[in-house]
Amino acid sequence: MALEKISKVSGRAVYVAGNDIDTDRIIPARFMKCVTFDGLGQHLFHDVRFNEDGSKKDHALNDARFAGAQILLSNSNFGCGSSREHAPQAIAKSGFRAVIAESFAEIFFGNSTTLGMPCAAVSHDDMGALAAAIEKDPSLVVSIDLASQKVTAGALSVPFAIKPGARDALMAGVWDPIGQLLDGQKAVANLAAKLPYLHFDRAP
């Protein structure tokens, strides 16, 4: 199956404030006992969203005004800590299609890209302006345009940074190496059949 070419992501946004939000806060380790990633979304930011009795804490993701948001906003060094792939998976399974932050942990950025979930880095001041805009109007549509490298929200337009390789892969629809490999199974098999060192007689 061909991968989607991702050049623009748009949707309502929610701002989860904080620097150095690590992967254990995004998805606590005890929820990683799963065979697939499908159920992770319900546990996103669990320990900072819910009390032990299951009641909700005061958290942006529990605010009804931002229900259904598809773009997650945060601050610097987002996704730091352990390299668990479950963190971006939990974000994606919760319905988010992109993350905008001031900066990202390296491995989190890479894991997000292979899910087709762009990570756009904006300045501290621009993040403040974006957060203020969606707080004022939670229905505001935020757009991440990979071609122009601009984030727009109403009349607000700010530049963002993204690694050129990730940007190109997303826009070309080659962001998932495993997906590419599976698409090329026939070509791989044909090439393997021509390689002499894969064909030898075993001693009796």
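Side-chain atoms are counted along with the backbone in the values below, which use heavy atoms only and exclude waters and symmetry mates.
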key: Donor-acceptor contact below 3.5 Å, side chain Arg167 vs main chain Pro118   = no

request  = Considering non-hydrogen atoms only, spot the tightest contact between Asn111 and Ser83 and give its length.
outcome  = ND2-O, 3.4 Å

note = The reported gap from CG in Asn62 to NZ in Lys56 (rounded to nearest 0.5 angstrom) is 5.5 Å

ask   = Is the closest side-chain donor-acceptor distance between Asp53 and Ser55 under 3.5 Å?
value = yes

query = Would one find more than 12 heavy atoms of other residues, nucleotides or ligands at under 6.0 Å from atom CG of Asp58?
reply = no

key: Interatomic spacing from CG in Asp168 to CD1 in Ile162 - rounded to 0.5 Å   = 9.5 Å

message = Between Lys8 and Ile144, is the side-chain contact (heavy atoms from CB on, under 4.5 Å) condition met? List the steps.
response = CA-CA 6 Å; Lys8 190 174 185 178; Ile144 301 169; over 6 Å; no

query = Do Ser157 and Thr152 have a side chain donor and acceptor closer than 3.5 Å?
reply = no

task = Measure across Pro88 and Met117 and return the closest heavy-atom pair with its distance rounded to 0.1 Å.
result = O-CE, 3.7 Å

message = Checking Val174 against Leu3 for the side-chain contact (heavy atoms from CB on, under 4.5 Å) test, could you report, in this order, the C-alpha distance in whole Å, the side-chain angles of both residues, the deciding distance, and whether it holds?
response = CA-CA 7 Å; Val174 293; Leu3 296 172; 5.6 Å; no

Straight-line distance of Ser10 OG to Ile71 CD1, nearest 0.5 Å = 6.5 Å

inquiry  = Do Phe160 and Val141 land in one hydrophobic cluster if side-chain heavy atoms of ILVMFWY residues count as linked below 4.5 Å?
reply    = no

key: Min side-chain heavy-atom separation Leu73-Val16 under 4.5 Å   = no

query = With a 4.5 Å heavy-atom cut-off, do Val158 and Met127 have their side chains touching?
reply = no

query = Taking side chain as C-beta onward, heavy atoms only, is Asp47 less than 4.5 Å from Arg30?
reply = yes

message = Side chains of Asn19 and Ser76: any donor to acceptor distance under 3.5 Å?
response = yes

ask   = Between the side chains of Asn75 and Tyr15, does any donor sit under 3.5 Å from an acceptor?
value = yes

message = Check for me, please, whether Phe50 and Ile21 land in the same ILVMFWY cluster - side-chain distances under 4.5 Å, paths through other members count.
response = no

task = Kindly say whether Val9 contributes a backbone atom to a donor-acceptor pair with the side chain of Arg97 at under 3.5 angstrom?
result = no

request  = Report, as yes or no, whether the 6.0 Å neighbourhood of atom CD on Gln149 holds more than 12 heavy atoms from other residues, nucleotides or ligands.
outcome  = yes

ask   = Would you say Thr113's side chain and Ala166's backbone share a donor-acceptor pair under 3.5 angstrom?
value = no

ask   = Is Leu40 reachable from Ile107 through a run of I, L, V, M, F, W or Y residues, each pair having side-chain heavy atoms under 4.5 Å apart?
value = no

inquiry  = Applying salt bridge (charged side-chain N to carboxylate O under 4.0 Å, His left out) as the test, list every pair that has at least one member in residues 127-145; sequence neighbours left out.
reply    = Arg65-Glu135

query = Can you list every ring-ring contact (aromatic ring centres under 6.0 Å, His included) pair that touches residues 100-136, not counting sequence neighbours?
reply = Phe78-Phe108

key: Euclidean distance, Thr114 OG1 relative to Glu85 CD, rounded to 0.5 Å   = 6.0 Å

request  = State, to 0.1 Å, how close Ser94 and Gly41 come at their nearest heavy-atom pair, and which atoms those are.
outcome  = OG-O, 2.9 Å

query = Hey, are the side chains of Val151 and Val142 touching, using non-hydrogen atoms and a 4.5 Å cut-off?
reply = yes

ask   = Has Lys57 got more than 12 heavy atoms of other residues, nucleotides or ligands less than 6.0 Å from its NZ?
value = yes

task = Give the minimum heavy-atom separation between Leu140 and Ala153, together with the two atoms involved.
result = CD2-CB, 3.7 Å

query = Has the side chain of Asp22 got a donor or acceptor atom that lies under 3.5 Å from a matching backbone atom of Arg25?
reply = yes

Reported NZ-to-SG distance for the pair Lys163 and Cys119, which is rounded to 0.5 angstrom = 10.5 Å

Spacing of CD1 belonging to Ile26 relative to CG belonging to Leu72, to within rounding of 0.5 Å = 8.0 Å

ask   = Nearest heavy-atom pair of Gly11 and Gln70: which atoms, and what distance?
value = CA-OE1, 3.8 Å

ask   = Which heavy atom of Phe66 sits nearest a heavy atom of Pro138, and at what distance?
value = CE2-CB, 3.7 Å

